[in-house]
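From a predicted model like this one, the values you see are computed outputs, not experimental measurements. Just so we're on the same page: letters track the sequence lines, and every chain starts at 1.
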Protein chains: 2
Amino acid sequence: MLRLTTQRQAILDLINQSNRHWDADDVARALLDTGHSIGIATIYRGLAALEAQGLIESVQLGDKRHYERADKAHHDHMVCTRCGNIDEFAHPTIEALQRAAAAEKHFRLTGHQLVMFGLCARCDTQGGAT
Amino acid sequence: MLRLTTQRQAILDLINQSNRHWDADDVARALLDTGHSIGIATIYRGLAALEAQGLIESVQLGDKRHYERADKAHHDHMVCTRCGNIDEFAHPTIEALQRAAAAEKHFRLTGHQLVMFGLCARCDTQGGAT
DNA sequence: CTTGATAGTGATAATGATTATCATTCCTGA
DNA sequence: TCAGGAATGATAATCATTATCACTATCAAG
C-alpha cells in the first residue's frame with residue numbers, strides 16, 4: 001500500500017497551503033527554503049503518488065506538469081504568455097458541450113484539457129506599445 | 001528572408017498530401033521511405049519555419065508537437081488514449097464561450113488548446129471487458 | 001525484539017523530444 | 001564572379017522526467 005511518508009506529507013502540506021500551481025522544481029525549492037531537503041526523484045514520485053490518491057491534481061502546461069490542491073472545484077486555465085501567471089476559470093456549459101461533442105462521435109470521454117493562452121489584464125495594459 | 005528549400009518543400013508536400021497528423025519522427029521516416037533523407041534538425045527547423053509562414057499548423061499533444069496541413073477549418077482534437085488515434089471536432093459555440101470567458105477576465109486571448117482524452121468508438125467497443 | 005517483506009528514498013544515469021553549435025554548402029543580388 | 005545571408009546536417013547540449021540501484025524505514029508476525 002501507498003505510504004504517506006514525511007516527505008510526501010511535506011509536499012502535500014506545501015501544496016495545500018496555497019492556491020498556486022507548482023512544478024517539481026518549485027516544490028524542491030520551496031522545501032529547501034523550509035529546511036526540508038528532498039531528493040528531486042522523491043518529489044516526482046511523491047507528486048505522482050499523491051495524485052494517484054486523489055490528494056492533489058495536475059495539469060500539463062507546455063512541457064511541464066503543474067500540481068495544485070485537489071479540493072477545488074473543477075476549472076480550466078488561462079496562461080499569460082508574458083508573465084507566466086496562471087489564472088483559472090470554470091465554465092460548466094463548455095464542459096457540457098464537450099461531453100455532447102464526444103457523445104456525437106461515440107468517443108468515451110475520460111478527461112480533457114482546455115488551456116487558453118494570451119495576455120493577462122495587467123500585461124495587456126503594460127505592454128500595449130510593443 | 002525565409003527560403004522554401006527542397007527539403008522544406010518535401011516536408012510541406014508530405015503534410016499537404018494527407019489529413020493526418022505528423023510528429024518530427026513521422027516526417028523523418030516518411031521522407032526516408034520516399035528516398036529523401038533529411039537531417040532530423042532540418043526537419044525540426046523546417047516544420048517551425050513552415051508553421052511560421054502559416055503553411056502548416058501544429059498542436060502540442062503530450063510531449064510531442066504534431067503538425068498538420070493549414071488549409072483546414074479550425075478544430076480541436078480528441079485523442080484516443082488506447083490506440084493513439086487523433087480525431088477532430090469543431091465547435092463554434094465552445095470557441096465563442098471561451099472568448100466570452102476571456103473577455104470577462106480582461107484576458108487578451110491569443111490562442112487556445114482543447115484536447116479531449118478518452119477511447120475512440122473502436123477501442124471502446126473492443127476493450128470493453130477490462 | 002528480530003526477521004522479512006515491502007515501500008520509499010536519494011544520488012545518479014538514462015531517456016526522449018527538442019534546440020544549439022558550427023563547419024560547410026546553397027542562393028541571390030550586385 | 002563574389003559576398004553575405006540562410007540553410008543544412010552531424011552532433012553535442014538541454015531539460016523535464018523516469019529508471020536504476022543500493023540503502024533505509026515501516027510494519028506484521030513469530
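Residues that satisfy the salt bridge (charged side-chain N to carboxylate O under 4.0 Å, His left out) test with B:D25, not counting sequence neighbours, are absent from this structure. With sequence neighbours left out, B:H21 forms a ring pair (Phe, Tyr, Trp, His ring centres under 6.0 Å) with B:H77. Residues forming a side chain to side chain donor-acceptor pair (under 3.5 Å) with A:R99 (at least two apart in sequence, or on another chain): none. With sequence neighbours excluded, the residues forming a salt bridge (charged side-chain N to carboxylate O under 4.0 Å, His left out) with B:K64 are B:D23, listed by chain and number.
Atom-to-atom distance recorded for A:Q9:CD and A:T6:OG1 is 8.5 Å, nearest 0.5 angstrom.
Other residues, nucleotides and ligands contribute over 12 non-hydrogen atoms within 6.0 Å of the CZ atom of A:R8.
One can place CG of A:L32 at 11 Å from P of C:dG10, the figure rounded to the nearest angstrom. When the C1' atom of C:dT15 is taken as reference, atom CG of B:D63 falls 11 Å away, rounded to whole Å. Taking atom CG on B:L4 and atom C1' on C:dC26, their separation rounds to 14 Å, with Å as the unit. In this structure, the OH atom of B:Y44 is 13 Å from the P atom of C:dA20, given to the nearest Å. Taking atom CZ of B:R29 as the reference point, atom P of C:dA17 lies 10 Å away to the nearest angstrom. Counting to the nearest Å, the C1' atom of C:dT28 and the CZ atom of B:R3 are 7 Å from each other. If you measure from atom CD of A:E51 to atom P of D:dT17, you get 12 Å, rounded to the nearest angstrom. Rounding to whole angstrom units, CG of residue B:L47 and P of D:dA7 are separated by 14 Å.
B:T42 comes within 4.0 angstrom of a nucleotide base, judged by non-hydrogen atoms across all strands.
Side-chain contact, B:Q7 with B:T42: no donor N or O sits under 3.5 Å from an acceptor N or O. Side-chain contact annotation: B:E104 with A:H91, donor-acceptor N/O pair under 3.5 Å absent.
Within residues 6-17 of chain A, the residues having any heavy atom under 4.0 Å from DNA chain C are, by residue number, A:Q7, A:R8.
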Show the numbers, then the answer: is there a side chain to side chain contact (heavy atoms under 4.5 Å, CB included) between A:E88 and A:N19? CA-CA 10 Å; A:E88 301 169 352; A:N19 282 316; 5.9 Å; no

For nucleotides 11-13 of chain C, tabulate all protein N/O to nucleotide N/O atom pairs closer than 3.5 Å, reporting atom names and distance.
none

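At least one side-chain nitrogen or oxygen of A:T5 sits closer than 4.0 Å to the OP1 or OP2 atom of C:dT9.
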